[in-house]
Structures are given as structure tokens and as C-alpha cells.
Participant: 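Take this structure, written in C-alpha cells, and hold onto it; I'll ask about it next.
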Amino acid sequence: MTLKELQTYISELNPYQFDQIAIQVVKYLKLNEQLKNTRPECCPCCGKTGEHLIKKGFQHGKQRYMCKACGKKFTYDINQITAHSHQPVDAWITVIEDTLAMKSLDETAGKIGVCHETAFNMRHKLLAYLETMIETAKPPDELVETDETYVTESQKGVKCKNRKPRKHGESASKRGLSNEQYCICVVTDRNKNVFAKCVNRAKPSSEDIIKALSAHVSRKSVLLCDGAASYNQLADTLECKKIELIGHESYDKVYHLNTVNNLHSRIKRMRKRQK
């Protein structure tokens with residue numbers, strides 16, 4: 001998953017979801033503190049149980065262990081968000097808040113008193129953790145709204161080879177859908193479960209939608225879409241009841257695409273804020 005895709009997911013979160021993510025990550029950080037005096041149950045490399053583990057000094061103030069079975073050395077917080085980090089919990093909380101608020105790395109680095117590279121590494125460790133949370137989240141079910149939106153390709157920092165360079169905010173050089181636009185498929189339900197994935201350029205095929213969304217829609221749900229034929233295979237594969245809503249005149253209080261369209265608007269607003 002790319003940074004752009006993960007930023008897209010974060011931009012779709014509502015304030016309640018922002019708060020829940022912040023709470024869960026802060027709990028995770030506190031767990032790291034609690035584990036300082038806890039002996040690991042198994043080796044993270046070979047999986048051998050605790051009887052094969054012996055203490056092997058300290059590394060950056062953290063207890064280090066060695067596995068007698070495979071010879072690997074590791075600290076108590078291996079595979080956790082603070083692994084190999086010298087920063088205190090307060091600095092990590094600031095990184096969490098600024099990442100969710102889409103603040104710049106230099107602004108975050110100034111707040112916690114570190115260099116740009118350290119803030120970059122901390123943010124990407126957090127994004128990797130958020131990616132795991134998103135991939136393992138409960139899939140939307142019951143009434144599932146699905147639709148795609150399109151964002152203009154950005155090659156900031158890279159020399160354009162296939163098209164004429166454009167300034168921030170300018171539209172694509174080609175009219176309609178083209179290979180200058182990325183397709184983002186979004187699914188959501190009425191219980192605030194959301195998943196989005198950048199699929200490809202221009203209009204997605206049935207295979208693209210199956211690959212991107214099949215693991216993130218519950219079986220036998222009611223699938224609400226705009227009538228695009230590319231969702232037929234997804235509905236058949238998951239045994240979903242597909243309801244086509246073509247135009248706002250077909251909406252009612254239950255069957256509508258207002259939720260997913262609102263998420264599309266938030267994606268566009270996020271991109272404008274970044275520019």
C-alpha cells in the first residue's frame with residue numbers, strides 16, 4: 001500500500017473514527033511501557049517458547065533478549081510501534097495527532113524537537129500500524145454503498161515524461177476519464193465501516209473491483225451502486241443483492257448513495273488542503 005492510498009483512507013475518517021484511532025494507538029503506546037518488565041512468551045523470529053529465551057543486556061535502555069534456539073537478539077518491544085525508537089510517548093502522541101490532522105513533517109519535527117528524517121520515520125511506522133488496522137477492520141455489511149471517484153495524478157518532485165507539467169489545482173489535459181486520473185473505489189455502510197483503495201487509472205474493470213473490494217464487503221449484503229456493470233461480478237461472487245440507483249430521483253430514506261458520495265467529497269477537500 002502506498003502513502004497516497006493510506007492518506008486517502010485517513011482523509012475519509014469522520015471525527016469519531018479519528019478519536020477511536022488515536023485512543024487505540026495511545027493504548028498501544030502505554031502497553032509498550034507496561035511490557036518493559038514483562039518477559040516475552042516466544043521468540044519473534046523462530047517462535048520458540050520462553051524457556052529458550054535469556055536476557056542479553058540492554059539496548060538503548062530497553063531489556064534485550066537472545067533466543068538460544070536461533071541465536072537472534074531482540075528487545076522487549078520488537079514488532080511494536082516504539083521498536084528502535086528513542087522518542088518518549090509524548091512525542092509519539094504528537095506524531096499521531098499531526099498525522100491524522102495532515103500536518104507537515106517539518107511542523108511535527110519542530111514540535112517534538114527532532115530532525116525531518118526522524119519525524120519521517122516515526123510517521124511511516126505509524127502509517128504501517130494504521131494500515132494493519134484498516135486491513136483487519138470489520139468489513140461493511142447489510143446496506144453497503146459502493147462507488148468510485150477520480151483524482152488527478154500528481155507527479156510532484158518527479159520530472160514529467162509523458163505529459164506537459166501543470167501547476168497545483170489545474171485539471172488534467174485530457175477531457176473526461178483518462179490515464180491522468182487515478183480511480184479510488186470506496187465502500188461504506190451505515191455503521192461507519194469504511195474501506196477505500198486506489199485501483200488503477202481511469203475506469204475500473206470487474207477484475208479490478210473484485211481484487212480491491214471482495215475481501216472488504218460481507219457476503220449476502222445489499223449492494224447499492226450507480227448501475228455500473230463492473231460491479232455485477234462482485235455482487236455475484238459475494239451473493240449480494242445488487243440495487244442500482246441511477247440519479248438522485250431514485251433515492252429514498254433507505255436506499256441512497258449519500259454516504260459514499262460524502263466520502264468522495266472529503267477526499268477532494270483533503271487534496272485541495274494539501275495543495
Side-chain angles (χ1 to χ4, degrees), residues 1-14 17 102 127-128 130-141 143-156 158 160-163 166 171-189 192-219 221-240 242-246 257-272 274-275:
M1 181 181 296
T2 65
L3 173 59
K4 181 184 292 186
E5 292 172 354
L6 197 55
Q7 286 178 329
T8 299
Y9 296 155
I10 294 175
S11 70
E12 298 162 4
L13 301 177
N14 57 41
Q17 292 171 315
M102 295 295 177
L127 292 175
L130 292 178
E131 178 180 355
T132 302
M133 290 181 62
I134 292 171
E135 292 292 343
T136 58
K138 178 182 177 182
D141 58 3
L143 282 177
V144 179
E145 298 179 30
T146 180
D147 197 9
E148 67 276 355
T149 188
Y150 300 89
V151 295
T152 307
E153 175 192 28
S154 174
Q155 293 187 7
K156 182 178 180 180
V158 180
C160 297
K161 298 180 179 180
N162 302 322
R163 61 173 173 81
R166 57 172 176 266
S171 59
S173 61
K174 301 177 182 178
R175 296 181 61 183
L177 297 181
S178 67
N179 59 2
E180 294 184 22
Q181 294 174 311
Y182 286 114
C183 173
I184 301 174
C185 289
V186 183
V187 292
T188 182
D189 60 15
K192 300 180 180 179
N193 297 312
V194 178
F195 180 80
K197 188 174 183 65
C198 185
V199 177
N200 60 2
R201 297 173 185 265
K203 194 173 182 62
S205 65
S206 298
E207 290 74 17
D208 293 329
I209 291 177
I210 285 287
K211 183 177 179 180
L213 305 181
S214 60
H216 302 281
V217 176
S218 298
R219 299 184 68 86
S221 300
V222 177
L223 193 66
L224 308 179
C225 61
D226 60 1
S230 51
Y231 288 96
N232 292 341
Q233 188 174 342
L234 177 66
D236 294 339
T237 301
L238 300 178
E239 301 177 12
C240 295
K242 181 185 176 186
I243 297 180
E244 298 182 357
L245 302 173
I246 304 175
L257 298 175
N258 294 334
T259 309
V260 71
N261 288 334
N262 180 55
L263 292 172
H264 292 169
S265 298
R266 294 181 64 183
I267 293 173
K268 302 294 180 63
R269 289 198 299 270
M270 181 272 293
R271 286 177 56 84
K272 288 181 180 179
Q274 287 184 326
K275 291 178 178 180

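Only heavy atoms go into these numbers, but all of them, side chains included; no hydrogens, no water, no symmetry mates.
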Participant: S214 side chain to K211 main-chain N or O, any donor-acceptor pair under 3.5 Å?
Facilitator: no

Participant: Regarding T188 and E145, do their side chains bring together a donor and an acceptor under 3.5 Å, going by distance alone?
Facilitator: no

Participant: Would you sort out whether V222 and C240 count as a side-chain contact (heavy atoms from CB on, under 4.5 Å), showing the intermediate values?
Facilitator: CA-CA 6 Å; V222 177; C240 295; over 6 Å; no

Participant: Have D208 and S205 got a donor and an acceptor in their side chains that come within less than 3.5 Å?
Facilitator: yes

Participant: What residues, two or more places apart in sequence or in another chain, satisfy side chain to side chain contact (heavy atoms under 4.5 Å, CB included) together with N261?
Facilitator: D147, Y251, L257, H264

Participant: Do I246 and D226 have side-chain heavy atoms sitting under 4.5 Å apart?
Facilitator: no

Participant: Give the minimum heavy-atom separation between K242 and C225, together with the two atoms involved.
Facilitator: CE-SG, 3.1 Å

Participant: In this structure, which one of T149, N258, V194, V187 forms a side-chain contact (heavy atoms from CB on, under 4.5 Å) with L263?
Facilitator: V194

Participant: Measuring only between side-chain heavy atoms, which start at C-beta, is Y150 closer than 4.5 Å to I184?
Facilitator: no

Participant: Is there side-chain contact between F195 and V186, with heavy atoms separated by less than 4.5 Å?
Facilitator: no

Participant: Nearest 0.5 Å, what's the CG-OG distance between D189 and S221?
Facilitator: 8.5 Å

Participant: What is the distance from atom CD1 of I209 to atom NZ of K203, rounded to the nearest 0.5 Å?
Facilitator: 8.0 Å

Participant: List the steps and the verdict of side-chain contact (heavy atoms from CB on, under 4.5 Å) for T237 and I210.
Facilitator: CA-CA 8 Å; T237 301; I210 285 287; 3.6 Å; yes

Participant: Do Q233 and E207 have side chains that get closer than 4.5 Å, going by heavy atoms?
Facilitator: yes

Participant: Are T146 and V217 side-chain neighbours, meaning at least one heavy-atom pair lies under 4.5 Å?
Facilitator: no

Participant: To the nearest 0.5 Å, what is the distance between SG on C185 and CG on L234?
Facilitator: 9.5 Å

Participant: If I take atom CD from residue E244 and atom CG from residue L223, how far apart are they, to the nearest 0.5 angstrom?
Facilitator: 10.0 Å

